[in-house]
Amino acid sequence: MYMPGEVQYYDKETYTWNTEEELRGKREAEESDPLGLNAAPAEGTGDAGVGNGQRKRRLSEETAQGGPNSFKRSKIEVGIPVTPTTPIVPISPITPGAKPWNSTTGTEDKPGQHSMPAPAPYRPSVIYWDLDVQTNAVIRERPPANHLPPHPEMELQRAHLTTKLRQHYHELCYQREGIEPPRESFNRWLLERKVLDKGPDPLLPSECDPIISPSMFREVMNDIPIRLSRIKYKEEARKLLFKYAEAAKKMIDSRNATPDSRKVVKWNAEDTMNWLRRDHSASKEDYMERLEHLRKQCGPHVAAVAKDSVEGICTKIYHISAEYVRRIHQAHKTLLKDCNVSDPEAADVQDRLVYCYPIRLALPSPAQPRVELHFENDIACLRYKGEMVKVNRSYFTKLELLYRYSSIDDPRFEKFLSRVWCLIKRYLVMFGAGVNEGTGLQGALPVPVFEALNKQFGVTFECFASPLNSYFKQFCSAFPDTDGFFGSRGPFLNFSPASGSFEANPPFSEELMDAMVTHFEKLLEKSSEPLSFIIFVPEWRDPLTPALHRMETSAFRRHQMSVPAFEHEYRSGSQHICKKEEMYYKAVHGTVVIFLQNAAGFAKWEPTPERIQELLAAYQVYRRALGSPGPSSAPTTLSPASAGGSGDKDSIAAKTAPERSASLDTSPARQDNSSSSNTVEKTTPPSETASV
């Protein structure tokens with residue numbers, strides 16, 4: 001109450017006069033609730049004052065005060081339960097007031113009551129995540145990461161240069177070897193390179209040893225002299241045999257081959273052509289058998305003359321990538337300098353165990369440019385400088401919730417839209433521009449399987465995911481700079497938990513899976529706290545992959561089972577933009593599920609027969625609910641570690657190709673595309689986002 005002669009102060013935010021006592025009360029309220037989450041009016045108050053003579057702000061006032069990328073959060077509706085049940089500020093050592101993990105009880109000291117974030121204005125009818133699950137993953141406190149903060153201008157430049165690099169790869173393959181680049185080989189090259197890369201760019205490699213990529217070299221060599229096809233009819237087999245013989249003869253004549261190699265290849269090619277001219281009554285099996293014989297006779301000689309050329313392709317692509325990284329990094333540093341962003345002081349990090357928290361960046365984010373948002377039916381469209389990215393509205397709501405939980409430097413959502421734009425643009429660039437390209441890098445397990453993993457084995461964390469496809473709000477992903485604001489704990493190979501239960505469904509790159517197994521075993525050997533990893537990998541046994549062999553013979557393997565091909569589904573890699581009816585599709589290869597646990601983890605989350613049956617029942621329940629076509633008469637059964645693989649025995653590539661394809665989409669649209677191109681690739685169930 002105002003007393004005569006008392007000094008009053010004018011508040012420009014609320015347009016009110018306040019006494020010194022009222023201002024002191026407001027400051028104390030702001031200190032106890034810095035994000036203003038308790039400022040919502042009580043039921044029935046309407047626009048009446050909210051304590052200390054304040055009145056509720058109007059929409060126009062909030063819009064005027066926000067930045068160009070502000071995203072208005074809806075008020076809390078009385079009577080509607082708030083969906084998120086966790087504080088808006090996640091528990092982490094970087095956040096003041098965080099509580100360390102107690103190893104004796106395995107629980108956290110409960111802090112005071114926190115306010116709840118407002119629910120999203122859009123309520124999707126079907127959701128594919130559960131952000132209420134709290135983490136049991138424990139790590140050592142770590143300092144903020146030194147990655148450069150994302151910016152739409154730099155993301156545009158990275159997208160442009162990555163597209164140019166893909167074009168260079170396409171041109172080199174066509175000009176030097178006369179072939180199209182193997183499908184998805186560029187994406188797998190990015191995965192394999194980032195396992196080794198120590199460069200500054202989150203996407204493009206620049207500091208790798210060796211320079212020549214084994215993944216790219218294998219895949220290109222496998223398509224020389226021609227790419228083999230999946231054969232259905234006799235005439236197709238006849239044409240393929242003739243093309244292979246002709247291409248092998250042409251290559252050996254045009255390259256610097258030894259006399260013996262030239263003689264062997266030319267004799268076998270001419271003999272095959274003469275046989276084709278004479279015999280018109282051969283069956284499909286006869287043609288395929290002859291092709292297999294021709295490949296065994298000519299393949300080593302053709303590979304010998306092509307080796308230097310293919311190594312040149314790998315080397316050229318790597319050096320161009322390194323030059324592009326130098327340009328991007330220099331431009332990014334210049335942008336930060338122009339925005340007066342300087343290196344901060346070193347953070348004080350204590351040597352203690354804490355519950356895992358999203359990765360933080362040491363450098364503050366610069367001012368963000370304006371990103372426009374509009375909705376087209378159920379699609380959210382974000383545009384920056386004419387470049388539009390799209391995401392389903394339900395997934396846009398999910399990103400908003402993840403941002404509430406994870407971002408601590410933007411309470412007013414002023415940078416939200418620009419960060420969402422950078423996030424989606426990054427994954428679009430990694431996927432590539434082809435039809436259904438890269439979707440296998442983003443696939444995920446069905447929701448009932450995640451529910452069973454959480455209920456039966458205490459799983460609360462995904463080792464390979466992204467903000468777009470994650471089921472839990474705690475996960476590791478490929479890009480710490482863009483994904484950290486949405487809950488990512490950073491790349492998994494740089495993540496070292498001491499305790500917890502984890503699910504791992506890695507991208508099916510052999511080099512990445514091998515590095516993953518090495519990391520698992522180091523963590524399990526080092527920790528005495530309960531630690532468990534449940535790994536989902538393709539059942540590749542012809543030949544057996546090193547990663548699968550190492551896990552099957554590991555001292556930490558507690559259990560292993562196999563889910564047969566065509567009897568389980570995966571969520572699409574384009575789930576954040578695809579239609580509802582395209583969300584799931586069947587896996588064309590068996591999936592091996594392996595439990596790696598230390599002694600304490602085995603005691604706490606033992607894979608008992610009852611728990612395993614519940615996990616398998618989750619696949620069965622989902623298949624019945626979905627009602628998708630495909631063989632489902634045989635029940636899902638366990639298989640021993642020595643069970644055979646489930647490859648396509650009629651496919652030549654399944655017998656001879658050393659590289660497995662990560663082209664994983666088997667939806668109806670994908671099947672139409674594959675039947676028209678008839679390319680032989682070893683397709684697999686989809687995996688989650690690379691975290692390298």
Side-chain angles (χ1 to χ4, degrees), residues 90-94 98-110 133-143 348-359 453-465 472 474-476 488-506 513-537 547-561 593-612 615 641 691:
I91 296 174
S92 76
I94 308 302
K99 300 297 182 181
W101 179 73
N102 188 342
S103 62
T104 59
T105 62
T107 59
E108 178 192 11
D109 297 336
K110 292 186 178 180
V133 176
Q134 302 301 310
T135 185
N136 57 19
V138 176
I139 61 173
R140 290 214 166 267
E141 186 174 344
R142 53 184 179 174
D348 184 19
V349 178
Q350 302 181 35
D351 184 16
R352 58 173 181 170
L353 292 173
V354 296
Y355 282 94
C356 71
Y357 54 92
I359 195 166
L453 290 173
N454 174 247
K455 181 179 179 180
Q456 302 298 328
F457 302 101
V459 173
T460 65
F461 194 104
E462 297 167 75
C463 298
F464 299 89
F472 304 112
Q474 44 272 344
F475 55 89
C476 282
S488 173
R489 273 57 172 169
F492 179 70
L493 296 184
N494 298 333
F495 183 74
S496 300
S499 177
S501 183
F502 302 83
E503 176 267 353
N505 182 20
M513 290 192 293
D514 199 46
M516 172 195 72
V517 176
T518 300
H519 192 54
F520 283 157
E521 293 187 335
K522 287 182 179 179
L523 295 174
L524 292 167
E525 289 175 357
K526 184 178 179 181
S527 177
S528 59
E529 299 293 338
L531 192 58
S532 171
F533 297 99
I534 305 177
I535 305 103
F536 296 75
V537 292
L548 182 55
H549 174 71
R550 290 178 59 193
M551 286 190 289
E552 290 182 336
T553 58
S554 173
F556 299 101
R557 185 180 73 89
R558 305 296 179 174
H559 187 79
Q560 177 175 339
M561 67 184 193
V593 185
I594 298 179
F595 292 73
L596 298 183
Q597 300 170 326
N598 61 7
F602 179 70
K604 188 171 185 177
W605 299 296
E606 180 183 355
T608 62
E610 295 77 15
R611 289 175 172 176
I612 294 298
L615 178 59
S691 177

From CA spacing to verdict: side chain to side chain contact (heavy atoms under 4.5 Å, CB included), T135, Y357: CA-CA 9 Å; T135 185; Y357 54 92; over 6 Å; no
For [X] versus [Y], what's the shortest heavy-atom pair and its separation?
X    : Y    : value
C476 : R489 : SG-CB, 4.1 Å
G490 : S488 : N-OG, 3.0 Å
C463 : A504 : CB-CB, 4.0 Å

Find the distance between [atom1] ([X]) and [atom2] ([Y]) and round it off to the nearest 0.5 Å.
X    : Y    : atom1 : atom2 : result
N598 : L524 : CG    : CG    : 5.5 Å
N494 : H519 : CG    : NE2   : 7.5 Å
N136 : W605 : CG    : CH2   : 5.0 Å
M516 : E521 : CE    : CD    : 10.0 Å
F472 : E503 : CZ    : CD    : 7.5 Å
S501 : N454 : OG    : CG    : 8.5 Å

Would you check if [X] and [Y] make a side-chain contact, meaning some heavy-atom pair closer than 4.5 Å?
X    : Y    : result
M561 : L615 : yes
I359 : R142 : yes
V354 : V138 : no
M551 : V537 : yes
E141 : D351 : no

Tell me if the centroids of the rings in F520 and F492 come within less than 6.0 Å of each other. yes
Decide if the gap between the ring center of F457 and the ring center of F502 is smaller than 6.0 angstrom. no
Residues R611 and E606 bridged, charged N to O under 4.0 Å: no
Test ring pair (Phe, Tyr, Trp, His ring centres under 6.0 Å) on F461 and F495; report intermediate values, then the result. CA-CA 12 Å; F461 194 104; F495 183 74; 5.1 Å; yes
Any chance the side chains of Q597 and S532 put a donor and an acceptor closer than 3.5 Å? yes
Is a donor from one side chain sitting under 3.5 angstrom from an acceptor on the other, for T460 and Q474? no
Could you walk me through whether T518 and R550 satisfy the side chain to side chain contact (heavy atoms under 4.5 Å, CB included) test, starting with their C-alpha distance in whole Å, then the side-chain angles of each, then the deciding distance to 0.1 Å, before giving a yes or no? CA-CA 9 Å; T518 300; R550 290 178 59 193; 3.0 Å; yes
With no hydrogens and no angle check, is any side-chain donor or acceptor of T553 less than 3.5 Å from a backbone partner on H549? yes
Take I594 and E552 through the test side chain to side chain contact (heavy atoms under 4.5 Å, CB included) and record every step on the way to the result. CA-CA 8 Å; I594 298 179; E552 290 182 336; 4.3 Å; yes
S528: which residues meet the side-chain hydrogen bond (donor to acceptor under 3.5 Å, both in side chains) condition with it, sequence neighbours left out? none
Does I535 form a side chain to side chain contact (heavy atoms under 4.5 Å, CB included) with L596? I'd like the steps, not just the answer. CA-CA 8 Å; I535 305 103; L596 298 183; 3.7 Å; yes
Taking the six-membered ring of F602, is the NZ or CZ of R558 close enough (under 6.0 Å from the centre) and on axis enough (within 45°)? yes
